[in-house]
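Working notes for the structure below.
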There are 2 protein chains.
Amino acid sequence: MDKQFKINAFRTGLAQFITFEESEWEIFSQYLSFSTLKKKDHFVVEGKVCDCIGFIIQGAVTHYHVKDGQEITGYFCFENELVSAYKSFLRRIPSTNFIQALEETELVLIAYADLQKMLNHPMLALKMERFGRLVAEYYICCYEDRVTAFVTQSPEERYTTLEKTAKDIFQRVPQHFIANFLGITPVSLSRIRKRTLILKD
Amino acid sequence: MDKQFKINAFRTGLAQFITFEESEWEIFSQYLSFSTLKKKDHFVVEGKVCDCIGFIIQGAVTHYHVKDGQEITGYFCFENELVSAYKSFLRRIPSTNFIQALEETELVLIAYADLQKMLNHPMLALKMERFGRLVAEYYICCYEDRVTAFVTQSPEERYTTLEKTAKDIFQRVPQHFIANFLGITPVSLSRIRKRTLILKD
DNA sequence: TGGAAACGTTAACAAAAGATAAGGATTAAA
DNA sequence: TTTAATCCTTATCTTTTGTTAACGTTTCCA
């Protein structure tokens with residue numbers, strides 16, 4: 001995939017958070033790098049500090065933990081979303097989970113060191129601080145909903161909500177990943193689907 | 001409680017995020033206001049836009065949802081922590097939950113409108129953007145752990161972890177609130193406690 | 001293209017959690 | 001101080017979930 005295309009797509013995608021003036025973009029874009037993950041390639045590995053934030057131009061990734069030798073999927077990201085092991089990235093500590101490409105995935109990357117340089121760059125500092133703030137605030141809102149769902153809803157309710165609000169995920173992600181995401185086992189999700197399907201008639 | 005004391009405590013407490021120069025503090029502190037909540041007073045009510053971020057000088061609050069007429073506690077905050085219904089505050093939408101004082105609680109407040117003024121204040125803008133970013137990043141890290149716990153751990157494991165890492169909560173918060181926080185019913189938590197107590201001998 | 005791996009469903013059983021109610025202890029309030 | 005409210009525990013029963021394993025499909029490679 002062409003770099004210029006990726007850069008443009010990135011700029012468009014960032015508009016949900018912030019827009020750069022030409023002069024700012026010229027500087028900002030010099031700090032970007034690019035990466036293509038093949039299916040099953042890892043973006044982050046447990047035990048290593050996550051060094052980049054990625055923006056997905058094309059493709060999809062999963063976040064998963066390994067517990068007792070089992071992989072448990074906690075999250076997915078698709079096109080036009082940022083991806084990183086944020087706690088690891090922000091605190092510079094080893095990641096506790098893996099991030100892996102579900103399909104061939106095209107990314108634009110911002111390295112931690114480069115982000116720091118931009119935060120210290122007189123022309124960019126204010127905008128980058130704001131950019132960081134808005135991204136972080138965005139995730140807070142997402143997380144708030146997610147935690148609320150775990151606290152106030154049953155697994156079946158969480159499934160029903162997901163099925164209503166993000167039906168496309170089911171076309172794109174194996175069902176047992178979605179089960180993990182909902183905090184239940186694949187077998188249990190299969191049962192819930194059967195139950196709720198009958199009720200729909 | 002004396003305002004000057006509260007302001008000083010606030011400044012000290014903010015040091016976990018950011019430190020202000022004298023000149024900055026003079027401006028910043030003019031935007032602060034103060035509040036004392038009596039036990040059971042609400043900081044935020046469902047259906048209303050949350051207008052402030054509070055910093056707890058003294059006291060404790062709970063976040064709770066009402067579902068089918070039942071109160072379900074999702075979170076607690078204590079001294080030296082910020083409190084707000086963030087999604088409501090940030091997006092200017094009605095809150096989906098209540099925030100209520102568990103004890104008499106002393107707060108320093110930043111109103112949304114004032115925060116915007118500070119973000120536009122030439123002397124303060126950069127620092128406030130950074131402040132906002134760091135606070136939001138802090139919560140992302142908290143939320144990441146919380147969601148991970150829901151996805152990868154059983155209720156019993158979540159209880160055991162909490163009991164290890166934040167035992168003091170049990171001295172300060174009714175147990176059925178903690179049950180909600182863990183995503184289970186009070187009856188179930190009581191059983192888990194009995195189970196794990198026996199295993200300890 | 002043939003064999004292996006991955007995936008979803010189902011069954012059977014065990015374990016855990018939810019719902020409801022009752023009882024006792026503590027705390028708060030009238 | 002007496003009454004009421006709050007809180008935790010326990011018991012019983014129902015429902016749901018977890019666990020393990022089997023089966024048939026589909027997908028993926030080698």
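What you see is a predicted model, and the numbers here were worked out from it, not measured in a lab. So that the names make sense, note that chain A is the first sequence line, chain B the second, and so on, each numbered from 1.
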Could you check whether any side-chain N or O of A:Thr161 sits under 3.5 Å from a backbone N or O of A:Glu157, counting only pairs where one atom can act as donor and the other as acceptor?
yes
Separation of B:Ile184 atom CD1 from C:dA16 atom C1', in whole Å?
10 Å
Of all heavy-atom pairs linking A:Val49 and A:Pro94, the shortest is CG2-N, 3.9 Å
Less than 6.0 angstrom from the centroid, inside 45 degrees of the normal: does A:Arg172 satisfy that with respect to the ring of A:Phe170?
no
Carefully, step by step, assess B:Val173 and B:Phe181 under the rule side chain to side chain contact (heavy atoms under 4.5 Å, CB included).
CA-CA 11 Å; B:Val173 173; B:Phe181 173 79; over 6 Å; no
In whole Å, what is the span from the NZ atom of B:Lys40 to the P atom of C:dT27?
15 Å
Just N and O in the side chain of B:Thr185: are any of them under 4.0 Å from OP1 or OP2 of C:dA17?
no
If I take atom CG in residue A:Leu182 and atom C1' in nucleotide D:dT17, what distance separates them, rounded to the nearest angstrom?
14 Å
Could you give the CD-to-C1' distance, from A:Gln153 to D:dT17, as a whole number of Å?
17 Å
Measure from CD on B:Glu103 to C1' on C:dA28 and round the result to the nearest Å.
16 Å
Which nucleotides of nucleotides 7-13 of chain C have their base under 4.0 Å from a protein heavy atom (B), which only their sugar-phosphate (S), and which neither (-), written as one string 5' to 3'?
SSSBBB-
Contact under 4.0 Å: B:Arg195 side-chain N or O vs D:dT9 OP1/OP2
no
Nearest whole Å is fine: how far is D:dT19 P from A:Gln70 CD?
8 Å
Is any side-chain heavy atom of A:Phe28 closer than 4.5 Å to a side-chain heavy atom of A:Lys127?
no
Expressed as a whole number of angstroms, how long is the span from B:Gln171:CD to C:dT26:P?
17 Å
Can you name the closest pair of heavy atoms from B:Ile72 and A:Val151 and give their distance?
CG2-CG1, 3.6 Å
For the atom pair OG1 (B:Thr105) and CZ (B:Phe78), what is the distance rounded to the nearest 0.5 Å?
10.0 Å
Map B:Ser188 and B:Lys39 onto DNA chain C by nearest heavy atom, then report which one ends up closer to the 5' terminus.
B:Ser188
Tell me: CD1 of B:Ile192 to C1' of C:dA15, nearest whole Å?
12 Å
